[in-house]
Engineer: 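Below: one structure in structure tokens.
All values reported here derive from a predicted model rather than from experimental measurement. Just so it is clear: chains get the letters A, B, ... in the order the sequence lines come, proteins before strands, and each one is counted from 1.
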Number of protein chains: 2
Amino acid sequence: MTPEPNILIVDDEAAIRDMIGIALDTAGFRSTTASTALDAHVNIIDQRPDLVLLDWMLPGGSGIELARRLKRDELTANIPIIMLTAKTSEDNKVQGLDVGVDDYVTKPFSPRELVARIKAVLRRSTGNLKDKPIRVFDLEMDPASHRVMVEDRAVEMGPTEYRLLNFFMTHPEKVYSRDHIQDQVWGANVYLEERTVDVHIGRLRKALSSASKTGINYSALIQTVRGAGYRFSTRHD
Amino acid sequence: MTPEPNILIVDDEAAIRDMIGIALDTAGFRSTTASTALDAHVNIIDQRPDLVLLDWMLPGGSGIELARRLKRDELTANIPIIMLTAKTSEDNKVQGLDVGVDDYVTKPFSPRELVARIKAVLRRSTGNLKDKPIRVFDLEMDPASHRVMVEDRAVEMGPTEYRLLNFFMTHPEKVYSRDHIQDQVWGANVYLEERTVDVHIGRLRKALSSASKTGINYSALIQTVRGAGYRFSTRHD
DNA sequence: ATGCAATATTACATTTTGATGACAAATGTT
DNA sequence: AACATTTGTCATCAAAATGTAATATTGCAT
């Protein structure tokens with residue numbers, strides 16, 4: 001649901017932190033940084049990042065320590081960790097340090113590879129949460145197949161209308177202001193004309209109203225609340 | 001897919017690794033090695049070997065640790081593991097079976113015995129994968145003969161299109177992002193342009209659409225979901 | 001009813017996204 | 001070695017989606 005995953009970069013070298021930060025930025029991630037294991041730990045508990053990029057060679061070997069601690073603590077155990085390991089063969093020192101991280105990337109690495117790995121790990125960890133279909137009368141939304149059906153026939157709509165309907169169906173019987181809807185459907189940091197929401201509401205209504213063959217107008221589920229916003233409701237106005 | 005199965009040898013003693021490597025080589029296997037659990041984990045995630053030969057007695061007891069982790073993680077759970085144990089000990093066997101290891105070989109062992117066990121385990125594990133043919137209308141995919149048939153006539157397509165179709169037919173009615181498809185069809189450690197998936201989708205569609213003599217267009221089963229990815233579905237858009 | 005503010009609808013320029021043919025590198029085959 | 005096939009990337013075109021502004025309509029207080 002969060003539009004941009006938040007990645008914590010833990011490395012003692014500022015240059016590397018910056019480099020990675022830029023790479024993640026251009027790839028559409030948000031990122032924060034920490035230069036020590038202690039910093040990192042505080043940040044993780046505070047911010048609960050979606051993923052941690054952890055330098056294996058933190059001074060004092062505390063990188064591995066941190067990974068182990070995170071994986072041991074129930075609260076942080078399922079935050080994915082990608083280890084950044086140096087290419088040098090420290091085989092002897094490495095023994096027994098396999099603490100259950102989710103992936104490894106060896107330095108030097110290309111930003112592209114790093115981003116790909118991050119995406120793969122994130123997909124693995126969040127993809128498991130498979131949403132169940134939501135049904136209201138004969139209007140059904142199935143997130144798994146990414147489909148909206150009315151009376152078992154697919155309804156055509158653009159991606160934005162899909163997200164909009166998804167938001168409404170998962171938050172029924174409540175009014176939401178245009179601002180709030182923008183936050184939820186477009187993302188928190190996107191700024192639009194207020195009226196744009198109206199337009200997309202219109203498009204969604206149109207898609208729904210032309211969908212039924214039995215005369216039921218499903219666009220009536222999306223109700224205008226004058227002066228307040230919109231509401232998805234099965235009850236009449 | 002690969003003619004020669006790829007075996008990962010995990011042992012801290014170089015002499016043993018070499019010995020096993022040679023034995024496997026003459027038996028027609030490919031092999032890679034790792035001397036630590038960490039190395040091994042990296043290798044497994046990267047290379048996805050067909051089988052892992054894992055020394056029980058890795059320093060720090062991390063051999064069992066690793067086995068347990070591999071079996072716990074969904075991505076690696078069905079990679080067969082053969083444990084190499086130093087001495088026959090009931091304790092070890094019980095503990096290892098608990099972890100879900102596929103077989104044991106006790107040191108010292110003859111190369112012949114090792115190879116025989118490996119073959120047995122591989123036969124068992126790949127036999128399961130060669131499942132029944134999958135059929136959708138008159139489109140049939142038979143993994144055993146590695147063939148795709150439409151109305152009982154073979155359909156020509158490249159290996160990548162075959163894997164792509166196989167993925168779709170085994171995961172119907174769900175959207176998959178291009179990233180996800182890359183993971184599943186090309187492998188987790190391969191990085192391609194996003195658009196490459198489009199091209200192969202196109203090739204697969206072309207192969208399918210020119211296959212039917214009865215006018216049914218099977219390429220319609222592969223649906224584009226704008227802004228989300230692709231979907232294999234028997235239902236209309 | 002009237003006027004006003006809020007919402008709906010429409011039209012359109014711009015941006016985003018996907019399909020496809022061409023091409024060259026890699027790979028396999030004869 | 002010559003040839004064919006497969007593969008990944010790119011450029012280009014077409015289609016779809018998007019956001020905004022202009023215009024129309026609606027609901028409501030007076």
Side-chain angles (χ1 to χ4, degrees), chain A residues 3 28 110 112-113 116 146 148 154-166 175-183 185-187 189-210 217 219-232 236-237, chain B residues 1-4 146 148 154-166 175-183 185-187 189-210 217 219-231 237:
Chain A
S110 72
R112 191 188 190 197
E113 178 186 357
H146 204 276
V148 177
V155 182
E156 304 251 337
M157 65 181 71
T160 304
E161 284 72 46
Y162 180 89
R163 273 179 287 137
L164 191 54
L165 180 59
N166 186 68
V175 208
Y176 293 98
S177 69
R178 290 172 174 72
D179 266 351
H180 199 278
I181 291 171
Q182 276 190 26
D183 273 10
V185 175
W186 275 265
N189 46 6
V190 180
Y191 253 112
L192 301 170
E193 250 353 275
E194 267 226 336
R195 294 287 132 218
T196 300
V197 175
D198 298 36
V199 175
H200 282 277
I201 291 276
R203 285 169 182 158
L204 177 54
R205 280 175 174 157
K206 195 159 120 192
L208 289 178
S209 62
S210 60
N217 186 359
S219 74
L221 293 170
I222 293 158
Q223 302 167 354
T224 304
V225 182
R226 210 151 219 274
Y230 297 95
R231 172 182 54 203
F232 183 89
H236 292 297
D237 280 303
Chain B
M1 192 102 323
T2 323
E4 303 116 31
H146 206 271
V148 177
V155 182
E156 302 264 323
M157 65 180 70
T160 305
E161 283 72 45
Y162 179 87
R163 274 178 287 138
L164 190 54
L165 181 58
N166 185 69
V175 215
Y176 292 97
S177 68
R178 290 171 175 73
D179 270 349
H180 204 292
I181 292 171
Q182 277 190 25
D183 263 20
V185 175
W186 277 264
N189 50 354
V190 180
Y191 310 114
L192 303 169
E193 280 309 307
E194 277 232 325
R195 294 284 139 220
T196 299
V197 175
D198 298 37
V199 175
H200 282 276
I201 291 276
R203 285 168 182 160
L204 176 55
R205 280 176 173 156
K206 198 159 118 191
L208 289 178
S209 62
S210 60
N217 186 0
S219 74
L221 293 171
I222 293 158
Q223 302 169 353
T224 304
V225 183
R226 234 164 202 267
Y230 295 97
R231 171 180 56 201
D237 277 307

Engineer: For B/Thr224 and C/dG18, is the shortest distance between a side-chain N/O and OP1 or OP2 below 4.0 Å?
Structural biologist: no

Engineer: Heavy atoms from C-beta onward define the side chain here; which of D/dT18, D/dT9, C/dA19 lies closest to that of B/Asp198?
Structural biologist: C/dA19

Engineer: If you go through the side-chain atoms of B/Arg195, does one of them form a donor-acceptor pair with the base of D/dT9 closer than 3.5 Å?
Structural biologist: no

Engineer: Would you mind telling me which of D/dT6, D/dG8, D/dA21 lies closest to the side-chain atoms of A/Val199?
Structural biologist: D/dA21

Engineer: Quick check: on DNA chain C, is the nucleotide nearest A/Lys206 upstream (toward 5') of the one nearest A/Val225, or the reverse? Name the residue that is more 5'.
Structural biologist: A/Val225

Engineer: Which part of the nucleic acid, if any, lies within contact of B/Glu161, taking any heavy atom under 4.0 Å across all strands shown: a base, the sugar-phosphate backbone alone, or nothing?
Structural biologist: sugar-phosphate

Engineer: Of B/His200, B/Arg203, B/Lys206, which is the lone residue that meets side-chain hydrogen bond (donor to acceptor under 3.5 Å, both in side chains) with B/Glu161?
Structural biologist: B/His200

Engineer: Quickly, which of B/Ile181, B/Val225, B/Leu204, B/Val175 forms a side-chain contact (heavy atoms from CB on, under 4.5 Å) with B/Tyr230? Name it, please.
Structural biologist: B/Ile181

Engineer: Any side-chain heavy atom of A/Ile222 sitting closer than 4.5 Å to one from A/Leu208?
Structural biologist: yes

Engineer: Less than 3.5 Å between a donor and an acceptor, one on the side chain of A/Arg226 and one on the base of D/dT26, is that the case here?
Structural biologist: yes

Engineer: Between B/Glu194 and A/Gly158, who's closer to the 5' end of DNA chain D by nearest nucleotide?
Structural biologist: B/Glu194

Engineer: Heavy atoms only, 4.0 Å cut-off, all strands: where does A/Tyr230 land among base, sugar-phosphate and nothing?
Structural biologist: sugar-phosphate

Engineer: Ignoring hydrogens and angles, does a donor from either the side chain of B/Arg178 or the base of C/dG18 sit under 3.5 Å from an acceptor on the other?
Structural biologist: no

Engineer: Below 4.0 angstrom from OP1 or OP2 of D/dG19, is there any side-chain N or O of A/Trp186?
Structural biologist: yes

Engineer: With respect to the phosphate group of D/dG19, does any side-chain polar atom (N or O) of A/His200 fall under 4.0 Å of OP1 or OP2?
Structural biologist: yes

Engineer: Using only atom types and a distance under 3.5 Å, with no angle test, would you say the side chain of B/Arg231 pairs donor to acceptor with the backbone of B/Gln223?
Structural biologist: no

Engineer: Is there, by distance only and without an angle test, a donor paired with an acceptor across the side chain of B/Arg203 and the base of D/dG8 below 3.5 Å?
Structural biologist: yes

Engineer: Using a heavy-atom cut-off of under 4.0 Å over every strand shown, decide if B/Thr160 touches base, sugar-phosphate, or nothing.
Structural biologist: sugar-phosphate

